[in-house]
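Order of the sequence lines fixes the chain letters, A, B, ..., with proteins taken first and strands second; residue numbering starts at 1 for each chain.
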2 protein chains.
Amino acid sequence: MSRGDARDRLIQAAIDLIWTSSYGAVSVDAICERAQVRKGSFYHFFASKDDLVVTALDTHWSTRRPVLDEIFSASRPPLQRLQRYFAHLGERQGEVRERYGRVLGCFHHAIGSECLQKPTAVAAKAQELSLALRRYLETALRDAQAEGSLPASDPVASAKSLFAFVTGALTQARVHDDLELLRQVPRTGWLALGMAGPPESAA
Amino acid sequence: MSRGDARDRLIQAAIDLIWTSSYGAVSVDAICERAQVRKGSFYHFFASKDDLVVTALDTHWSTRRPVLDEIFSASRPPLQRLQRYFAHLGERQGEVRERYGRVLGCFHHAIGSECLQKPTAVAAKAQELSLALRRYLETALRDAQAEGSLPASDPVASAKSLFAFVTGALTQARVHDDLELLRQVPRTGWLALGMAGPPESAA
DNA sequence: GGAGGAGATGACTGTTTAGTCAAGTTCGAG
DNA sequence: CTCGAACTTGACTAAACAGTCATCTCCTCC
């Protein structure tokens, strides 16, 4: 990493600090100090604090995307995709807890619910990523209905409800630092879809 | 309201401003300006910004509590309580939208997920109120299981999951200003409890 | 009417904030 | 060696920030 060394450190510092507290509570100075980068360098790489945060959101998403692509692979039966995703939530936050000492939930969701309309660019990026995530669910539900393994209904509305449950569980887990709650997600998730449990082949 | 006139305006201004944006984005000056109260008066009534916010949380809760007490009245069949609450979510946020021009979700939940550990007093108060709300669900679930209208399970864990879904739906509705999502809550809520729909007598 | 307290006021302090800038250093290509 | 571009640096600004304070204005009770 010769090129973008300080830049990368700034991005990582922003992710660490904002994720563990909040957008509004983290200052440029704090990010610089953690990244061991001077103020002038910050503004060499980024036009503003918001510019860095948008970049941080993109960077973080680019690390999650391949994982989601694998979980929601079209070569996998649609219900098995959901089963893997439900299980992934708990596993992933377990890793987060080991690294940050605390369950932190979803990075861009935490930012998105804090920055409603305030800094347009940040809010727009957070919403964009939330929508991208929801589309994984939507596709899996549509595929499941197409193959008849899930009762027919509006897949967009169903994905919205399921997504609300997932983000709610992640946020509650974050607030109460409660990993156990996420381990309940698979059970309740299937119920919310109108099913008693996961398909036999997916367990 | 002879006593506490300016004080009340400060509390209301804090609720309005923080609810429509966020804790971190609202300054004491902004609150004072909206309340038409001078800085000195602010600190005559409140020891600090956090002190006002804690008071605002309590004040707001005290307006919601009688409504919840009515909805979750023990003289009502437990499943009917849940049905009423599910329906209430959409109605209430409809009112909020009319008043504030936007769906805002749950006030103390928005603050609670933003202020994780930072200002101890604010975070503690927000968590206290979240817990109080969750207990309404817990009691209803316990009563429903006791009378056999809901399959037996751990009511605490079930309440956590149901509460995660409700807060998730409120937050999604807030972020996307989407009232329609909340209107789906009754349907998905019953599913998540392992029921096909509300009891006949409750509809 | 006078004493005293609750409340109002605006100017004030010191700190933190985001963002700027001119003068540096480093380093690879020509 | 030299030139320029990428990068670094620390001092700087102006605004916003939370919080303070002496002084004033009421209103109430004696």
Could you check how far CZ of A/F46 sits from P of D/dC7, rounded to whole Å?
11 Å
Considering only heavy side-chain atoms of A/K49, the closest of C/dA18, C/dG7, D/dA18 is C/dA18
Could you state the CD-C1' distance from A/Q36 to D/dT8, rounded to the nearest angstrom?
14 Å
Just N and O in the side chain of B/H44: are any of them under 4.0 Å from OP1 or OP2 of C/dA8?
no
Below 4.0 angstrom, N of the basic side chain to O of the carboxylate: do A/R135 and A/E138 qualify?
no
Without hydrogens or angle criteria, can the side chains of B/D51 and B/Y43 be said to hold a donor-acceptor pair below 3.5 Å?
no
Look at the side chain of B/V28 and decide which nucleotide, out of C/dA8, D/dG10, D/dA18, has an atom nearest to it.
D/dA18
Value in whole Å for how far the P atom of C/dG10 lies from CD of B/E33
14 Å
Expressed as a whole number of angstroms, how long is the span from A/F45:CZ to C/dA18:P?
19 Å
Are A/Q184 and A/R187 close enough that a side-chain donor and a side-chain acceptor fall under 3.5 Å?
yes
What's the closest nucleotide to the side chain of B/S48 if the choices are D/dC7, C/dA8, D/dG19?
D/dG19
Would you say a side-chain N or O of A/Y43 is under 4.0 Å from OP1 or OP2 of C/dG19?
yes
Euclidean distance, atom CG of residue A/D8 to atom P of D/dC7 [Å, nearest integer]
11 Å
Nearest whole angstrom, please: distance from the C1' of D/dT9 to the CG of A/D29.
15 Å
pair A/V166-A/L89: side-chain heavy atoms closer than 4.5 Å
yes
B/K39 NZ to C/dT13 P, straight-line distance once rounded to whole Å:
14 Å
Under 4.0 Å, counting only non-hydrogen atoms across every strand here, what does A/S27 touch: a base, just sugar-phosphate, or nothing?
sugar-phosphate
